[in-house]
Amino acid sequence: MGFLTNKTVIITGGGKSVLSNGRAGSIGYGIATAYAKEGANIVITGRNLQKLKEAKEQLKSLYGVKVLTVQADISAEADNKAIVASVVDQTISKFGSIDVLINNAQASASGVPLSEHTTEQFDLAIYSGLYSTFYYMQACYPHLAKSKGTVINFASGAGLFGNFGQCAYAAAKEGIRGLTRVAATEWSKDGINVNVICPLAWTAQLENFQKSFPEAFAMNVHTPPMGFFGDPEDHIGRVCVQLAHPDFKYMTGETITLEGGLGLRP
């Protein structure tokens, strides 16, 4: 039994993905695994029902935790507030509380230069990432205030460093970074811990980016100084677990970055 037993975490973009070598290739699933090992109730959302089903089956089988899966796709054409409200309502109905919200979901058309980016491609990144984070934070706020909970959002070095071919992705991630800092300021009075992580993990999405856009990949993706890419569970997931620990309440509003290795910076 871990310290998160009977606590409930919502993880957006939590479907299971694998690398070509068979290892776990999804940050969301890596986070879910880390939380499952601490005994948490898991709520995972995503667009792909099969990936959600596979994640649920493995988490329940390996760790004996309760898992709720909800198909949810935040997009320009959808009633996004209703979609998010449904996820929150189902979570409260099944588990009774929300203790941690992790906004991990993000889609984008990486590799497309700014001058060639379409409005549809820009909307894809902004809605799936920035708007998704905004709607989930608003909907979960009263429950997080009640539980004195934790919010963990995901940004990226794409915005920090202006990566080639990632204008919409970078814009979404920088928006999330700003949104996180405002929430940290406004919600500290409620005892809600709010942080943003900028990870660089070797995922199936990054592997596909390398195959599809080798030039953009070579220009923008470099091995961190520590000599390896982060592992979705061991590095990213465990950082997320630490940030939900009561001892880390003092970290509210700071940025956790894994881009240059593993560590903290203000």
Side-chain angles (χ1 to χ4, degrees), residues 9-20 24-33 35-36 42-60 67-91 94 98 100-112 117-140 152-156 158 166 168-173 175-176 197 199 201 203-209 211-213 232-233 236-237 240:
V9 55
I10 295 177
I11 305 167
T12 69
K16 184 182 177 185
S17 294
V18 295
L19 296 165
S20 58
S26 162
I27 288 179
Y29 184 69
I31 296 169
T33 300
Y35 271 77
I42 310 293
V43 180
I44 49 177
T45 74
R47 294 179 293 176
N48 189 309
L49 277 174
Q50 184 59 34
K51 288 184 177 181
L52 292 174
K53 179 181 178 182
E54 292 173 0
K56 178 178 181 177
E57 290 177 350
Q58 189 154 5
L59 291 170
K60 289 180 65 176
V67 182
L68 171 66
T69 60
V70 186
Q71 185 180 35
D73 183 13
I74 307 303
S75 66
E77 299 79 21
D79 185 349
N80 297 307
K81 292 191 74 170
I83 291 172
V84 173
S86 176
V87 174
V88 172
D89 288 347
Q90 290 183 62
T91 300
K94 185 173 181 63
I98 298 171
V100 184
L101 168 65
I102 300 178
N103 286 300
N104 164 71
Q106 179 72 65
S108 71
S110 293
V112 181
H117 233 73
T118 66
T119 300
E120 290 73 22
Q121 289 171 332
F122 200 83
D123 281 347
L124 172 65
I126 298 300
Y127 275 88
S128 66
L130 180 56
Y131 269 115
S132 176
T133 299
F134 169 71
Y135 287 127
Y136 273 100
M137 289 178 72
Q138 277 198 333
C140 290
I152 302 169
N153 295 332
F154 275 76
S156 171
Q166 294 190 301
Y169 178 77
K173 291 305 188 182
I176 290 170
I197 296 178
T203 64
Q205 187 175 20
L206 193 59
E207 185 176 66
N208 291 335
F209 179 42
K211 293 176 181 178
S212 301
F213 305 99
E233 179 196 341
I236 317 304
C240 289

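Distance OG1/Thr69 to CG/Leu59: 10.5 Å, rounded to 0.5 Å. Separation of atoms CG (Leu130) and CD1 (Ile176) is listed at 5.5 Å; rounding is to 0.5 Å. For the atom pair CZ (Phe122) and OH (Tyr169), the distance works out to 14.0 Å, reported to the nearest 0.5 Å. Distance check, rounded to the nearest 0.5 Å: CD of Glu77 to OH of Tyr127 gives 8.5 Å. Atom-to-atom distance recorded for Ile74:CD1 and Ser128:OG is 9.5 Å, nearest 0.5 angstrom.
Of all heavy-atom pairs spanning Asn104 and Phe154, the tightest one is CA-CD1, 4.1 Å. For Ile31 against Ile11, the heavy-atom pair with the smallest separation is CG2-CD1, 3.9 Å. Nearest heavy atom pair, residue Tyr29 against residue Gly15, reads CB-O, 3.7 Å. Gln71 and Arg47 make their closest contact through NE2-O, 2.9 Å (heavy atoms, listed as atom of the first residue, atom of the second, distance). Between Ile44 and Ala32, the closest heavy-atom pair is CG2-CB, 4.3 Å. Taking each heavy atom of Leu206 and Ala201 in turn, the nearest pair found is CD2-O, 3.4 Å.
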- Check against side-chain contact (heavy atoms from CB on, under 4.5 Å), Ile152 and Asn103: CA-CA 6 Å; Ile152 302 169; Asn103 286 300; over 6 Å; no
- Item | Full working for side-chain contact (heavy atoms from CB on, under 4.5 Å) between Lys94 and Gln90 | CA-CA 6 Å; Lys94 185 173 181 63; Gln90 290 183 62; over 6 Å; no
- Task: Start with the C-alpha gap between Gln50 and Glu54, add the side-chain angles, then the distance that decides, and say whether side chain to side chain donor-acceptor pair (under 3.5 Å) holds.
- Result: CA-CA 6 Å; Gln50 184 59 34; Glu54 292 173 0; 3.1 Å; yes
- Query: How far apart are the C-alpha atoms of Lys16 and Ser26, what are their side-chain angles, what is the distance that settles it, and do they pass the side-chain contact (heavy atoms from CB on, under 4.5 Å) test?
  - Reply: CA-CA 6 Å; Lys16 184 182 177 185; Ser26 162; over 6 Å; no
- Task: Could you check Ile83 against Asp73 for side-chain contact (heavy atoms from CB on, under 4.5 Å), going step by step and ending with a plain yes or no?
- Result: CA-CA 8 Å; Ile83 291 172; Asp73 183 13; 5.7 Å; no
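Judged by distance alone, with hydrogens and angles left aside, the side-chain atoms of Gln166 form no donor-acceptor pair with the main-chain N or O of Ala158 at under 3.5 Å. Counting only distance, with no hydrogens or angles, the side chain of Glu207 and the backbone of Ser20 share a donor-acceptor pair below 3.5 Å. Side-chain N or O atoms of Thr12 include one that pairs as donor or acceptor with a backbone N or O of Ala105 at under 3.5 Å. A side-chain donor-acceptor contact under 3.5 Å links Tyr35 to the backbone of Cys240. Distance alone, capped at 3.5 Å, places no donor-acceptor pair between the Ser86 side chain and the Ala82 backbone. Under the 3.5 Å distance criterion, the side-chain polar atoms of Gln121 are matched with a main-chain donor or acceptor of Thr118. Side chain of Thr45 to backbone of Val70: no donor-acceptor contact under 3.5 angstrom is found.
Contact annotation: the side chain of Ile10 never approaches that of Val100 to less than 4.5 Å [non-hydrogen atoms, C-beta and beyond]. Side-chain contact check for Ile42 versus Leu68: every heavy-atom pair is 4.5 Å or farther apart.
Take Ser108 and apply the side chain to side chain donor-acceptor pair (under 3.5 Å) test, not counting sequence neighbours, and it matches Ser110.
At most 12 non-hydrogen atoms from other residues, nucleotides or ligands lie less than 6.0 angstrom from OH of Tyr131.
Tyr136 pairs with exactly one of Ile98, Ile102, Val87, Asn153 by the side-chain contact (heavy atoms from CB on, under 4.5 Å) rule, that one being Val87.
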